[in-house]
Each structure stands twice: as structure tokens, then as C-alpha cells.
Protein chains: 2
Amino acid sequence: MFKRVLIVEDMDDINKGVRTELEGLGINDIDQAQYCDDAFLKVRKAIKDKKPYELLISDLSFKKDNRTQKYSSGEALIEAIKNKQPEIKIIAYSIEDRFQRIRTLINKFGVNAYVCKGRRGLKDLTYAINEVYHNKQFLSPQIANALRKKTSFEIEEYHIELLKQLSNGLSQEEIRSYFNKNNIAPSSLSSIEKHLNKLKIQFKANNTTHLVAIVKDLGLI
Amino acid sequence: MFKRVLIVEDMDDINKGVRTELEGLGINDIDQAQYCDDAFLKVRKAIKDKKPYELLISDLSFKKDNRTQKYSSGEALIEAIKNKQPEIKIIAYSIEDRFQRIRTLINKFGVNAYVCKGRRGLKDLTYAINEVYHNKQFLSPQIANALRKKTSFEIEEYHIELLKQLSNGLSQEEIRSYFNKNNIAPSSLSSIEKHLNKLKIQFKANNTTHLVAIVKDLGLI
DNA sequence: CAAAACCTTACGGTTATCCTCAACTACCAT
DNA sequence: ATGGTAGTTGAGGATAACCGTAAGGTTTTG
């Protein structure tokens with residue numbers, strides 16, 4: 001079994017829960033970090049001390065606070081660590097349910113497992129650790145299915161941005177000029193309308209207000 | 001210090017973290033539940049067995065799954081438990097940051113403490129347990145300030161209903177006919193427009209979409 | 001009781017959005 | 001090159017939302 005593990009997670013309660021669980025598995029050399037930047041420094045130091053981590057368990061989203069961070073998300077951290085120590089095993093452990101992000105996580109960064117937080121998050125995590133230790137991949141069931149079928153509508157950064165600006169009260173015309181100014185393409189009123197329409201169909205929304213209400217409930221924005 | 005505590009929290013990792021923390025405080029008689037309905041049954045049984053819980057630590061939001069629940073939120077659970085056992089101490093422990101909901105939680109249900117999950121969630125929780133044990137109230141700092149200044153504007157049932165229907169995707173015309181059918185007055189298009197306008201001014205919203213986004217963030221609907 | 005204040009309702013003009021059609025571009029495969 | 005497909009852009013008319021005004025009603029108040 002793994003001996004040396006780093007847990008990166010901003011919430012201290014989850015951090016403690018995961019640590020306790022790992023200790024129950026007989027893993028005793030555990031380090032923890034609540035900020036991505038701290039985590040990266042620990043990884044670098046561990047390599048320098050010739051005691052590199054074998055496994056990284058990391059959350060994806062981190063609450064921002066007064067400490068400014070170089071790496072503000074799990075993705076950024078994972079990318080940096082993979083560059084520094086390519087052979088390290090990585091388990092993403094997050095509540096994130098945006099397929100697009102998870103897909104890139106696995107394809108681009110070569111993450112070994114993705115575990116959804118939830119009622120049985122710790123159980124899945126335990127299972128994932130075993131699988132990853134035996135060089136297997138693990139995906140929590142609720143996303144494994146969804147990832148297989150490609151039918152899932154690809155919500156891109158563009159759509160998120162569009163929805164965000166709508167929820168900020170901008171009119172379509174204001175969004176057009178905002179996109180223009182920030183070099184976000186496509187920026188024509190017509191295209192914005194069209195993408196908006198796609199989103200409305202996708203989420204079965206009657207109108208823009210309804211759409212924003214729905215995606216807010218889904219936690220997309 | 002409290003001896004007998006019930007933790008209600010759907011995510012197993014947090015559940016474990018909180019339990020470990022409480023054990024560190026010397027509390028050993030700890031029960032846990034991942035569903036609100038289970039929690040209520042445990043409370044009832046504890047009373048029957050003449051070993052009632054002294055403290056309830058409960059989350060507010062619970063992921064829905066295949067198990068249908070009578071109590072689907074922390075609020076519903078807390079209300080039911082308070083009716084059953086009025087003297088029990090209650091700490092709400094949640095990521096919830098909607099002031100309106102927290103306000104009703106404290107004023108209506110008499111919750112003893114509200115602790116925000118986060119980087120220092122467990123530390124705040126520990127502190128809250130001590131305060132509550134000494135019959136004091138505790139609110140996590142990030143909400144304590146915000147709660148003090150109260151919103152003067154009287155939001156009535158009518159406005160809530162209006163906002164709800166908007167977030168359900170109804171047009172103003174559809175809302176008019178809905179109000180008509182359900183004997184909600186005033187129901188004319190003109191009045192609906194007017195009240196909507198008031199709300200937009202009150203919440204500094206640019207348009208209806210913006211308004212719904214804002215009140216959803218506030219937890220008003 | 002009547003003036004004042006407030007609310008509801010109706011109407012018309014303006015603006016924003018919704019919707020369809022059509023032209024244009026980029027990319028891919030035959 | 002040719003044709004197919006998909007995405008962007010533009011223009012128009014239809015619909016809904018927005019805004020001010022004014023008439024008629026109810027409640028409050030002197």
C-alpha cells in the first residue's frame with residue numbers, strides 16, 4: 001500500500017475525515033495542505049529531501065480568501081505537480097460534476113482516479129486508492145456512465161461566461177460589447193442569441209430568467 | 001461538556017472529520033446519520049430510551065438520492081426535532097451563506113449556533129460547542145456582521161410567490177392568469193409589472209433575470 | 001364626511017428579446 | 001475543385017417587457 005500521501009483540501013473537516021480514513025488503512029505518513037501553493041511547496045520539498053509523495057489526493061475548487069495564490073484551482077496545482085513529478089499518482093476528490101472539466105482532467109493531466117464527494121465519498125475514495133495502487137483507473141459511478149456517452153452537451157467556458165453575465169444583469173447588447181472588449185468569440189448579438197437559445201433548449205427553459213434560475217440551482221454558476 | 005451528541009450530515013468524509021474532532025474534545029457518546037429521516041428516528045428512540053441527545057449538529061442541505069425522505073432539508077428536520085424535544089441544543093453546520101435562511105433558522109427555530117463550513121469550519125465548530133454548552137449563541141464571523149444589519153423592506157408572501165413563478169419560467173402574462181386562477185391579488189398585468197419594478201429597485205437589479213439571480217443568492221426563493 | 005394617500009387597473013409608446021431566413025466563412029471528406 | 005457540414009453574422013418582423021400617465025377604487029386620517 002502507499003506509504004507517503006499528500007492531501008490537499010481547503011475545508012478542515014473533510015481534511016480530518018480523509019486523514020482519519022487513511023490512517024484506518026494503515027497509511028501513517030500523511031501530509032495535508034489547505035492551500036494549493038502550500039501543497040506545491042510541500043511536493044517540491046519532498047522531492048528535494050528524497051522522500052517524494054507516492055500519492056496526491058486533491059480537491060478541485062478552493063474558496064478564495066485574503067491569501068493570494070499562484071495556483072487557485074486543483075487543475076492548476078495538478079498540472080504544476082505533474083510537471084515536477086510525472087510519476088506521482090493522483091486522485092481528484094471533488095464535488096465537481098462538470099463533465100468537461102473532469103474529462104480534461106483525465107485526458108490532459110492523466111489523473112488516475114476521480115472520486116465524487118457525497119454520501120459514500122470516503123468509501124469510494126478507499127476503493128479508488130486500492131485501484132490506483134494496483135495501477136488501475138477509478139471513476140465514481142455517477143460520472144463513469146455520463147463520461148462514456150458523448151451525448152452530454154458540451155458546456156464550454158463560453159457558455160458559463162454567457163450565463164454568468166446574464167445573471168449579473170447584463171443585457172444581450174451589453175454582453176456583446178463586453179465580449180468584444182474582452183476578445184471573447186463569438187461576440188455578435190446574433191451568435192449570443194443563438195447560443196442562448198441552445199442553452200435554453202438544453203436546460204428546457206422557457207426564457208432567459210428561467211434558464212438562469214435553473215443553472216444557478218445546478219450550481220453551474 | 002456535552003456527553004451525548006447526534007451528527008447529521010450526508011457526506012461521509014465530513015461526518016468522519018466532525019466525529020474525530022468531537023472525540024478529541026472528550027465526547028464519546030456520538031451518533032451519526034446521513035439522512036434526515038434516520039436522524040429523526042434516532043432522536044425519537046433516544047427519548048424513548050430515556051437517553052435523549054443533548055446536542056444536535058446538523059447540516060442544512062442534503063443531496064437527494066433514490067431514498068425518498070419525509071424531511072428533505074435541515075430546516076425541516078430541525079423543526080420536527082424542536083417540536084419533539086424543545087430543550088435540545090442545536091448547532092447548524094453548513095456551507096449555506098444565504099442570510100434570509102439563516103435568519104429564519106435562528107429566529108423561528110431557535111438554533112443556538114450557526115457555523116459556516118470552510119477552511120476553519122472545525123475550529124469554529126469546536127468553539128461553538130463550548131459557547132453553546134455555556135448557553136451562549138455563536139455565529140461564524142462571516143455571517144455575524146451581515147446578520148446584524150436587517151433588511152427593512154418587507155417582503156411579503158405575494159412577492160415571494162411572484163419571484164418563484166418568475167424563476168419557474170412564467171411570463172408576466174402567464175403569471176397574471178396564474179394569479180387569477182389561484183385568487184392571488186393583485187393579478188393585473190399592470191400591477192405585476194409595478195410590484196416587479198419595486199423589487200428591482202429594492203434589490204438594485206437591472207432586469208428580471210438579474211433580480212431572480214439576486215434573490216436566489218439571498219435564499220429568498 | 002371628505003381630503004389625502006395608496007393601490008389597482010388600463011392604455012400607449014418605447015425598448016429589448018425572440019424567431020426565422022439568408023448570406024458568408026471555415027473545415028473536412030470525397 | 002466540389003459539395004457537405006457547422007458556426008458566425010446580419011436583417012426583418014413578431015412578441016414580450018419596460019415605462020410613464022391617468023382614471024377609478026380603497027383605506028387612512030383629520
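Within every chain, numbering begins at 1; the chains are lettered A, B, ... in the order of the sequence lines, protein sequences first and strands thereafter.
Applying the salt bridge (Lys or Arg N to Asp or Glu O under 4.0 Å) definition to pairs two or more places apart or across chains, those involving residues 115-127 of chain A are A:Glu9-A:Lys117, A:Asp59-A:Lys117, A:Arg119-B:Asp65, A:Arg120-A:Asp124. Residue pairs meeting the salt bridge (Lys or Arg N to Asp or Glu O under 4.0 Å) criterion with at least one partner in residues 70-79 of chain B, sequence neighbours excluded, are B:Glu75-B:Arg101.
Going from atom CD of A:Glu174 over to atom P of C:dT15 covers 15 Å, rounded to whole Å. To the nearest angstrom, C1' of C:dC19 lies 16 Å from NZ of A:Lys198. With rounding to whole Å, B:Ile192 atom CD1 is found 11 Å from C:dA10 atom P. Taking atom CD of residue A:Glu173 and atom P of nucleotide C:dC18, one finds them 14 Å apart after rounding to whole Å. Rounded to an integer number of Å, the gap from CZ of A:Arg176 to P of C:dT15 is 17 Å. Spacing between atom CG of A:Leu189 and atom P of C:dT20 amounts to 17 Å, rounded to whole angstrom units.
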Tabulate protein N/O versus nucleotide N/O from nucleotides 18-22 of chain D, keeping only pairs under 3.5 Å, one per line.
from   : atom 1 : to       : atom 2 : distance (Å)
D:dC18 : OP1    : B:Lys200 : NZ     : 3.1
D:dC18 : OP1    : B:Thr208 : OG1    : 3.1
D:dC18 : OP2    : B:Gln172 : NE2    : 2.8
D:dC18 : OP2    : B:Lys200 : NZ     : 3.3
D:dC18 : OP2    : B:Thr208 : OG1    : 3.4
D:dC19 : N4     : B:Glu193 : OE1    : 2.9

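Qualifying side-chain hydrogen bond (donor to acceptor under 3.5 Å, both in side chains) partners for A:Lys45, counting only residues two or more places apart in sequence or in other chains: A:Asp49. Under the rule for a salt bridge (charged side-chain N to carboxylate O under 4.0 Å, His left out), B:Glu161 has no partner lying at least two apart in sequence or in another chain.
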All N/O donor-acceptor pairs, side-chain side in residues 179-190 of chain A, below 3.5 Å, sequence neighbours left out:
from     : atom 1 : to       : atom 2 : distance (Å)
A:Ser188 : OG     : A:Ser191 : N      : 3.0
A:Ser188 : OG     : A:Ser191 : OG     : 3.3

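A:Ser191 comes within contact range of at least one nucleobase, with a heavy-atom separation under 4.0 Å. Using a 4.0 Å heavy-atom criterion, one finds that A:Ser187 contacts the sugar-phosphate atoms exclusively.
Between C:dC7 and B:His195, no contact under 4.0 Å exists linking OP1 or OP2 to a side-chain N or O.
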Worksheet entry | Stepwise salt bridge (Lys or Arg N to Asp or Glu O under 4.0 Å) test for B:Lys16 and A:Glu21 | CA-CA 8 Å; B:Lys16 188 149 203 161; A:Glu21 182 78 11; 2.8 Å; yes
